[in-house]
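Each remark here refers to the structure printed beneath this line.
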There are 4 protein chains.
Amino acid sequence: MTRVHIYGASGYAAAEAVFLFAAHPEVELGALESASHAGEAIGAHFPRVRTLARAFDAPGSVLARVQSGDFVLLGGSHGTATKIAPEVLERGARVIDLSGDFRLAPSPAVYGFAERYRAQIAQADFVANPGCYPTATLLATLPLAVFGPGQIVVDAKSGVTGAGRTPSVSSLFSEVAGEIRAYGLEGHRHEPEIVQEWRAAGIEAPLVFTPQVVPIARGMLVNAYCILHSTPCEQAVRDAFVSAYADNPFVRVLDAGLVPSITAVNGTNDAEIHVSVKDNVVRAICAIDNLGRGAAAQAVRNFNIMYGYPEALGLGTVSNDKVTL
Amino acid sequence: MTRVHIYGASGYAAAEAVFLFAAHPEVELGALESASHAGEAIGAHFPRVRTLARAFDAPGSVLARVQSGDFVLLGGSHGTATKIAPEVLERGARVIDLSGDFRLAPSPAVYGFAERYRAQIAQADFVANPGCYPTATLLATLPLAVFGPGQIVVDAKSGVTGAGRTPSVSSLFSEVAGEIRAYGLEGHRHEPEIVQEWRAAGIEAPLVFTPQVVPIARGMLVNAYCILHSTPCEQAVRDAFVSAYADNPFVRVLDAGLVPSITAVNGTNDAEIHVSVKDNVVRAICAIDNLGRGAAAQAVRNFNIMYGYPEALGLGTVSNDKVTL
Amino acid sequence: MTRVHIYGASGYAAAEAVFLFAAHPEVELGALESASHAGEAIGAHFPRVRTLARAFDAPGSVLARVQSGDFVLLGGSHGTATKIAPEVLERGARVIDLSGDFRLAPSPAVYGFAERYRAQIAQADFVANPGCYPTATLLATLPLAVFGPGQIVVDAKSGVTGAGRTPSVSSLFSEVAGEIRAYGLEGHRHEPEIVQEWRAAGIEAPLVFTPQVVPIARGMLVNAYCILHSTPCEQAVRDAFVSAYADNPFVRVLDAGLVPSITAVNGTNDAEIHVSVKDNVVRAICAIDNLGRGAAAQAVRNFNIMYGYPEALGLGTVSNDKVTL
Amino acid sequence: MTRVHIYGASGYAAAEAVFLFAAHPEVELGALESASHAGEAIGAHFPRVRTLARAFDAPGSVLARVQSGDFVLLGGSHGTATKIAPEVLERGARVIDLSGDFRLAPSPAVYGFAERYRAQIAQADFVANPGCYPTATLLATLPLAVFGPGQIVVDAKSGVTGAGRTPSVSSLFSEVAGEIRAYGLEGHRHEPEIVQEWRAAGIEAPLVFTPQVVPIARGMLVNAYCILHSTPCEQAVRDAFVSAYADNPFVRVLDAGLVPSITAVNGTNDAEIHVSVKDNVVRAICAIDNLGRGAAAQAVRNFNIMYGYPEALGLGTVSNDKVTL
């Protein structure tokens, strides 16, 4: 049993973490701190956790309550973790940061992409949880390292929760409905994160990245077009994906003829991947939940790895013809 | 040809008015003033008027440019018209106010519901444009005055633009999608406006009013349940509606078996009304565009009446089997 | 451990039942029969159960495999249960029928509304699961029996899954988006079901019922306006609801100031209820998941009651500050 | 004044054409034929044309009524134009076919992409209207011919009306909501049409094309990634687009920093294009209305060209700061 505190608990990703940790059998909830909504009922903001019957704790609550051995999830906006992470680590707590503050090298944190860094995560006190776009992009492209792609184009679509819960005109219902809106075309902050991990895996291809907001609340679809120097065997490409994710209960490489479904992965740590070949281009399409696999559920998985709990605890597992939710 | 200035031009309703007036053959656009977005391209905010190639004018522009004979549309938030309306009227301009500031008696403005006050509007220098909920509710209930309803329940659904363009958590896409959210259950500011006009028309029934936000950007559906003291003849009820709106090109009383369509009235000044009887209850369902008939299009119609232009100019008309957009 | 067969398994409600039963710790899945999609992968139709790795079984599979002690869920369209239910019961299986075939008296089935008939359900071999509209309406109105309502108006909104998965123009995305569409205004098949249970509970009020399709996939909001003969004490009305649902983990009577949320109840057997008073009218607003509490989750609860399993098994329970999903 | 008959008038694109032609000042509506809905009120199917007060005409009506000099729009499903087009042409009518039957060479019809074939369209009796995906793709790529792209990846998103109005499970609201669903990954019928026109314009690049259905009713966004052999000057690329569409009132090449808006082009023949360069990749993003520029509005423009009417008649024009709707 581990005590879990959440800092910046009123954002969409952190609230999803509250939901998951509240149901985690080895977790006792500690402080749920929110600067903007301290004292307000969590269930008034996030009706899905109405039964929790808790209010957001006041600023300072996490630092006031955290003890050695506790776990702290940092869910504040980008920039705040730089200040609070060292203080929490000093108290002897372990930390996962949902923000982008510690993802790029050099960093004191381990990059929390368990598909590559499970061993390091297991030993870490401090983990930088990957961004949602990088998570889906890496899942869709890393198995292609052996094919030496020469150019990769990523056309990515994100649900609106990806833009956070701080009110802005561009996230209003009436601005998003009916539109597919590209943004960040001058360069998106997630690009260096993707490129860093590509380089680490031996992919040297330049990246063109187009993020887009789509009229869905949560979920993400990333289409990666990997241009190779010659036409590969489709079966060899498929085998590379299947073998990369063998024994990985969270990634489903779909049979030919099936396409990834966002609603199938929402609320989970799962990813669905389609892969096909057209001449010298590999098309890999990956669906994840931007708040789940792209944030809170990936954090819970990393938490499980850090504390030695079964990796899927609180996330659902799969065995034979039995779905455990 | 009349020069039209718009104050508070960056809200949803005022921007719809920009769109309509820009296409109005008897209108020359004057100042398009916005305190929050002065200097920014209108087309960057409202792509539908991208071809206008104008920026929002700075605060003070309307007062600086308005002249006798001009027309001013006040589109600012509730409360601001109280200050600016008298100044504009003093310059000899005529005014329509979209806000709720001057709708309730005693008021220096004529209530701009042309179905009842066309003659007064034609003589007015100052018109208070009705709210969207009252407009739909009055269209659905006034013809029933002769039946003396004893109680009226109004269950109303509004598109999210009804909440305005100022960012707030409750209007974010991710909060609205998938929900039908009641609000204002302690009493909504539109209730006194409805009751005032009911009293003026001889309807003394108490009102229960439930406004709800629905996951659509624009449009409104108002279901009015009018409980009579005895069971009326359905044909008599229908006749009352048909005769109330005979020769009114903006209201369609639907044949039995048809139901009002929001997308059919969006972008127009039209209303569609279903009416049926179950025992002693008359059910009248009215669809309007909250930004059109409920705001900007109704304002354009009132403007046409005030200046003696054909009532439907710039709003589309209907003749025989010919739709003029 | 009980073996569960599902007939008509490719509809929305039955597929939701597949999802729930697949995760139920006391259930072994038997035949999942579909006439229209036999042999096709369930996960291709319902990606959320992709991990189940099963195909729909051929017509006749349920009858071929069912044995004494088994459980059969009938999910076919209205009319088919009349034929298959007796055959299945003859084999010694217990049955819940999702259709409307056996809900109205006289019927060999117990009406599966556990809030009133838990004892009878526990003894039953054959249960008629309530419709989604009646479920929400009854939850919102039955506690008012003691106040003797004289008239009840129900304005109801349903997600599009309520119209089933058989293709029809009226359920196409492009017909539903942007609309709130009333239907069944000549009389809806759910009205007699509501009135039957009202009469059983002592409510004699006439019903005006307006079903509407809203642009959401799942979930339902029912607004009941109960017109009393005199003005009640709001606290007494609230107390009636609170006491009616005390110790009922599936119904949340919300504090004043909160409104029901559809996304908070989707995927669950929960209901959220707002209740308030305006003069002599009680306004009760109830949110449920039309596929969950209105169909599959209510069936799982009834199944648990029939077999003596904990009532919330497979449905989530609530204890202290711990959410068990 | 030209008499216009529409065959297959109950599909989404044909109904949009009814809407446009009904408001066209030089058009008299003739037969509006529908095999599936003959005799039913058009306004019951398409409330936006409720004021037309017409029913769909019976099968055979177009052939029965068409005369020399008339115009016929063929809106039936793919395959039917092969039969009816020759018969109509024989009567001396001119024809535009919305289907894909006559788009690929060799064909008796002129390909109705006015940006390239205006002169031929003006002389033609028979025009094959381009598909929606090809229209947007060609607008986004043809100006790049001079740069000799080596590879083009097209990631395309279409509103659900693109799948037609014939009921199918995959177009149901509950299947589309919340999803971005790729399809046609084995090869889409629009690819040869795109490649044919690329070849005609001197673009020899291989195409990877990914069509996707998105949860919007109408509108389309096409992202074309054109991989050049070397890095171009961004200004030269932009100049190529600006000069290609100079004096074209229907195409807006957006200033840097603006992105195409679907709602800005819906209901029109307009296109909005963003173009930018990242290394050797040109990213061109084009928004059109799949039912407007991608079907009916493009057909009206072609009709205007064929009959010598002003090109934008019935489609809105733009002059100075005046929007004519």
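Numbers restart at 1 for each chain; the letters A, B, ... are given by sequence-line order, proteins then strands. Below, each value reflects all heavy atoms present in this structure, side chains not excepted, and no hydrogens, waters or symmetry copies.
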D:R48 versus B:T263, closest heavy-atom pair with distance:
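Scanning both residues completely, I find the closest heavy atoms to be CD-O, 3.9 Å.
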Minimum-distance pair of heavy atoms, taken over all atoms of D:P47 and B:E272
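Minimum heavy-atom contact is O-OE2, 4.4 Å.
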Considering only heavy atoms, which portion of B:S261 lies under 4.5 Å from any heavy atom of chain D: side chain, backbone, both, or neither?
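When you check distances to chain D, atoms from both the backbone and side chain of B:S261 fall under 4.5 Å.
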For B:V265, which atoms come within 4.5 Å of any heavy atom of chain D: side chain, backbone, both, or neither?
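The answer is neither part of B:V265.
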Who passes ring pair (Phe, Tyr, Trp, His ring centres under 6.0 Å) against D:H37, sequence neighbours left out?
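With sequence neighbours excluded, D:H37 shows a ring pair (Phe, Tyr, Trp, His ring centres under 6.0 Å) to D:H45, given in chain and number order.
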Please name all residues satisfying ring pair (Phe, Tyr, Trp, His ring centres under 6.0 Å) with B:H274, sequence neighbours left out, ordered by chain then number.
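Per chain and number, B:H274 pairs via ring pair (Phe, Tyr, Trp, His ring centres under 6.0 Å) with no residue.
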Mind checking whether D:R50 and B:D270 have side chains closer than 4.5 Å, heavy atoms only?
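No, too far: nothing below the 4.5 Å cut-off.
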